[in-house]
Amino acid sequence: MSVYTLIFYFFGLMMLASALYAVISTNLVRSVFSLFLTFFSVAGILVFTRADYLAISQLMIYVGGILVVLLFGIMLSDKNVLELVGRKGRKAIAASVLNRVLGAGLALLLFAVLACVFLDDGWKSVVSESQQAEPIQSTGFMMMTTYLLPFEMISLLLLMALIGAAYIARKPKHNR
Amino acid sequence: MSTIPLEHFLLMSAALFCIGLYAVLTRRNLVIMLIGIELMVNAGVINLAAFGAFETSHHEGQMMGIFAIVLSAASVAVALAIILKVYQQFNTIEPGKIDTLRN
């Protein structure tokens with residue numbers, strides 16, 4: 001096993017472990033910080049598929065943008081949001097345990113089905129050597145030629161979404 | 001240079017997807033559910049990039065991955081704004097307790 005594959009599996013393990021911690025942690029801030037690690041590892045895995053530009057934009061958008069927005073949203077809101085586990089009765093705890101078991105069972109079932117499909121023969125392996133000179137160069141070229149219309153549309157949609165988010169989250173002018 | 005089989009990318013993204021699905025199904029917190037949705041989007045992006053590695057002329061997988069990331073960024077911004085508003089209105093972000101649309 002070479003260093004190349006070792007780094008890949010290290011990123012994969014880090015991604016899954018931190019994602020699991022982010023999901024099962026009862027502290028919202030901890031799970032968001034654990035999500036930093038998850039998104040960083042996803043960017044590392046994307047590098048192994050030779051999608052360099054995608055990895056960079058993953059780092060910039062997710063780690064630099066979405067997580068900061070999430071943290072701001074949590075920190076700016078009331079501290080009661082952080083207290084996830086409220087005091088519950090025995091019935092509610094039993095219901096939540098049943099809920100968790102069922103949810104975990106469903107997720108594991110889906111994973112088993114997907115794994116059965118993926119472990120079927122006939123997949124090629126991702127080639128590590130690039131047959132092409134410059135993936136990033138041709139990505140930029142494609143973005144300005146073939147994908148120009150989706151590119152412009154998505155920029156417009158992002159602008160609309162951000163204006164809409166700012167409008168929704170604004171302070172009300174007067175109390176009802 | 002050694003190669004990594006495609007199945008390993010797919011299995012990893014499937015596991016990430018299932019973790020996100022578990023969060024959406026079981027957690028009683030809108031922010032954690034949003035995080036779960038983001039994990040599922042990330043799993044999809046890994047799959048797109050892994051399959052796109054075979055297609056070297058147009059980089060379609062990579063382009064679709066970029067569009068998916070941007071779309072999920074937009075959805076996170078709007079969803080977080082809605083969650084903050086819901087919290088102001090109901091004083092909780094537990095989806096089971098939010099049962100009215102207006103007053």
Side-chain angles (χ1 to χ4, degrees), chain A residues 2 4-5 8 12 15-16 19-20 22-23 28 31 35 42 45-46 48-51 53-54 57-58 61 65-66 69-70 73-74 77 81 84 99-100 103-104 106-107 110-111 114-115 118-119 123-129 131-132 138-139 142 147 150 154 157-158 161-162 164-165 168-169, chain B residues 1-12 14-23 25-29 31-32 34-36 38-39 42 45-46 49-50 52-54 56 58-59 61-63 65-67 69-78 80-85 87 91 93:
Chain A
S2 66
Y4 182 81
T5 51
F8 173 76
M15 175 182 87
L16 293 182
L20 205 59
V23 162
L28 200 51
S31 72
L35 217 60
V42 170
I45 284 174
L46 287 177
F48 283 85
T49 63
R50 296 193 286 109
Y53 183 71
L54 190 54
S57 44
Q58 162 92 13
I61 295 176
I66 289 180
V69 168
L70 270 176
I74 293 166
S77 60
V81 178
L84 295 186
N99 185 19
R100 270 168 201 224
L106 198 59
L110 180 68
F111 180 71
L114 286 174
F118 292 154
L119 290 177
W123 301 100
K124 290 189 228 166
S125 61
V126 172
V127 279
S128 52
E129 299 276 4
Q131 287 102 355
Q132 199 165 335
S138 87
T139 307
M142 295 307 293
Y147 298 103
I154 213 161
L157 182 127
L158 198 56
L162 291 182
I168 291 172
Chain B
M1 207 81 160
S2 54
T3 61
I4 294 158
L6 179 60
E7 297 97 292
H8 292 185
F9 285 99
L10 298 181
L11 282 177
M12 251 171 217
L16 194 63
F17 188 93
C18 291
I19 292 173
L21 182 70
Y22 173 77
L25 284 178
T26 61
R27 293 307 300 267
R28 290 267 162 272
N29 184 313
V31 176
I32 303 271
L34 189 64
I35 285 173
E38 289 313 302
L39 291 180
N42 264 289
V45 169
I46 290 176
F54 293 106
T56 47
H58 290 271
H59 296 284
Q62 201 174 338
M63 301 305 294
I66 289 167
F67 290 141
I69 285 180
V70 174
L71 282 177
S72 79
S75 73
V76 163
V78 175
L80 208 64
I82 291 174
I83 289 173
L84 284 184
K85 210 66 188 171
Y87 179 71
N91 269 319
I93 51 173

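Atom set for the values below is all heavy atoms of this structure, side chains included, hydrogens, waters and symmetry mates excluded.
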Checklist outcome for this item: Cut-off 4.5 Å, heavy atoms of chain A, and the answer for B:Met63 is side chain
Next on the checklist: With a 4.5 angstrom heavy-atom cut-off, is it the side chain or the backbone of A:Ile45 that approaches chain B, or both, or neither?
Outcome noted: both
Checklist entry - Tell me, side chain or backbone of B:Val78 under 4.5 Å from chain A's heavy atoms, or both, or neither? => result both
Checklist entry - Looking at side-chain heavy atoms only, is the closest gap between A:Leu46 and B:Gln62 below 4.5 Å? => result no
Next on the checklist: Just so I understand: if I count every heavy-atom pair under 4.5 Å between each of A:Ala115, A:Gly164, A:Gly103, A:Ala169 and chain B, which residue has the most?
Outcome noted: A:Gly103
Item to check | Toward chain A, the part of B:Leu39 with a non-hydrogen atom under 4.5 Å | outcome: side chain
Checklist entry - Counting distance only, does the side-chain N/O of B:Arg27 pair as donor-acceptor with the main-chain N or O of A:Val23 below 3.5 Å? => result yes
Item to check | Max heavy-atom pair count under 4.5 Å with chain A, selected residue of B:Asn42, B:Leu71, B:Ile35, B:Leu16 | outcome: B:Asn42
Item to check | Nearest heavy-atom neighbours spanning A:Thr49 and B:Phe9 | outcome: CG2-CE2, 3.3 Å
Checklist entry - Pick from B:Cys18, B:Gly36, B:Gly65, B:Ala14: which one has the most heavy-atom pairs with chain A under 4.5 Å? => result B:Cys18
Checklist entry - Hey, which of A:Leu157, A:Val69, A:Leu70 has the most heavy atom pairs under 4.5 Å with chain B? => result A:Leu70
Checklist entry - With chain A, which of B:Ala23, B:Ser75, B:Ala49 has the greatest number of heavy-atom pairs at distances under 4.5 Å? => result B:Ala49
Checklist entry - What residues, two or more places apart in sequence or in another chain, satisfy side chain to side chain contact (heavy atoms under 4.5 Å, CB included) together with B:Ala15? => result A:Leu16, A:Phe111
Item to check | Contact origin within A:Leu162 toward chain B - heavy atom pairs under 4.5 Å | outcome: side chain
Next on the checklist: Testing the basics here: between A:Phe48 and B:Ile4, what is the closest heavy-atom pair and its distance to 0.1 Å?
Outcome noted: CD2-CD1, 3.7 Å
Checklist entry - Who passes ring-ring contact (aromatic ring centres under 6.0 Å, His included) against A:Tyr53, sequence neighbours left out? => result none
Checklist entry - In Å and rounded to the nearest 0.5 Å, what is the CG to OG distance from B:Asn29 to A:Ser31? => result 8.0 Å
Checklist entry - Which value, rounded to the nearest 0.5 Å, describes the distance between B:Ile46 atom CD1 and A:Met15 atom CE? => result 4.5 Å
Checklist entry - If you look at every heavy atom in B:Ala74 and A:Leu158, which pair is closest and at what distance? => result CB-CD1, 3.7 Å
Item to check | CG on A:Leu54 to CD1 on B:Ile69, rounded to 0.5 Å | outcome: 4.5 Å
Checklist entry - Which heavy-atom pair separates B:Tyr22 from A:Ala107 by the least distance, and what is that distance? => result CB-CB, 4.2 Å
Checklist entry - Of the listed residues (A:Leu35, A:Ile61, A:Asn99, A:Leu114), which shares the most heavy-atom pairs with chain B below a 4.5 Å separation? => result A:Asn99
Checklist entry - Which pair of heavy atoms, one from B:Ile66 and one from A:Ser57, lies closest together, and at what distance? => result CG1-OG, 4.2 Å
Checklist entry - Considering only heavy atoms, which portion of B:Ile82 lies under 4.5 Å from any heavy atom of chain A: side chain, backbone, both, or neither? => result both
